Amino acid sequence: IAESIAQNWNQSRFKNFCGKIPLEKLASLISSSKAVASIDIGLLHMAAISQVPVIGIFTATTASLGFTPPGKSFVRVEAPEVGCRPCSHIGLKACPKTHFDCAEGISVEKVYEALLQVLKPAAK
């Protein structure tokens, strides 16, 4: 998925590091980023702690479980009206209902709009 997003964006502005960076170098990369888009995993929280603007993509989990990152530069993206969410407090490897609507209902455009929102300069 990340590779398909990278192919549609200006390669000098978007970098896909999925599976390509050792964990020990990840913190440095995150802190030098203008924004980070991530599902609800450790990377999301590492970026928030580093005070990097974050787009949190919530699929099987929900913000109501209390796992949202701290900070003001955070935008949550999730599929609307998925009645079976959350299916687990930590998510599952496979959808118990086999449809995975919680992820399929999130478009690349929705994530891009969230990215523009967190990168927008604050109004004075």
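Predicted, not measured: the structure shown is a model, and the values here were computed from it.
- Going from atom CG of Leu119 over to atom CG of Leu116 covers 7.0 Å, rounded to the nearest 0.5 Å.
- Looking only at distances, no side-chain donor or acceptor of Thr62 sits under 3.5 Å from a matching main-chain atom of Phe58.
- Annotation: side chain of Ile55 is in contact with side chain of Val111 (closest heavy-atom distance under 4.5 Å).
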Could you pull out all donor-acceptor pairs under 3.5 Å where a side-chain atom in residues 100-109 meets a protein atom, sequence neighbours excluded?
{"from": "Asp101", "atom 1": "OD2", "to": "His99", "atom 2": "ND1", "distance (Å)": "3.4"}
{"from": "Ser107", "atom 1": "OG", "to": "Lys110", "atom 2": "N", "distance (Å)": "3.0"}

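- Separation of atoms CZ (Phe74) and CD (Gln117) is listed at 11.0 Å; rounding is to 0.5 Å.
- Take Ile49 and apply the side-chain contact (heavy atoms from CB on, under 4.5 Å) test, not counting sequence neighbours, and it matches no residue.
- Residues forming a side chain to side chain donor-acceptor pair (under 3.5 Å) with Ser38 (at least two apart in sequence, or on another chain): none.
- When all heavy atoms of Val75 and Ala114 are compared, the pair lying nearest together is CG1-CB, 3.7 Å.
- At most 12 non-hydrogen atoms from other residues, nucleotides or ligands lie less than 6.0 angstrom from NZ of Lys25.
- The shortest side-chain heavy-atom distance between Ile21 and Leu29 falls under the 4.5 Å cut-off.
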What donor-acceptor contacts under 3.5 angstrom involve side-chain atoms of residues 79-86, with partners at least two apart or in another chain?
{"from": "Arg85", "atom 1": "NE", "to": "Thr59", "atom 2": "O", "distance (Å)": "2.5"}
{"from": "Arg85", "atom 1": "NH1", "to": "Glu78", "atom 2": "OE1", "distance (Å)": "3.1"}
{"from": "Arg85", "atom 1": "NH2", "to": "Thr61", "atom 2": "O", "distance (Å)": "2.6"}
{"from": "Arg85", "atom 1": "NH2", "to": "Glu78", "atom 2": "OE1", "distance (Å)": "2.7"}

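- Residues in residues 45-57 take part in these side-chain hydrogen bond (donor to acceptor under 3.5 Å, both in side chains) pairs, two or more places apart or across chains: Asp40-His45.
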Side chain to side chain contact (heavy atoms under 4.5 Å, CB included) between Val54 and Leu44, worked out: CA-CA 7 Å; Val54 175; Leu44 174 80; 2.9 Å; yes
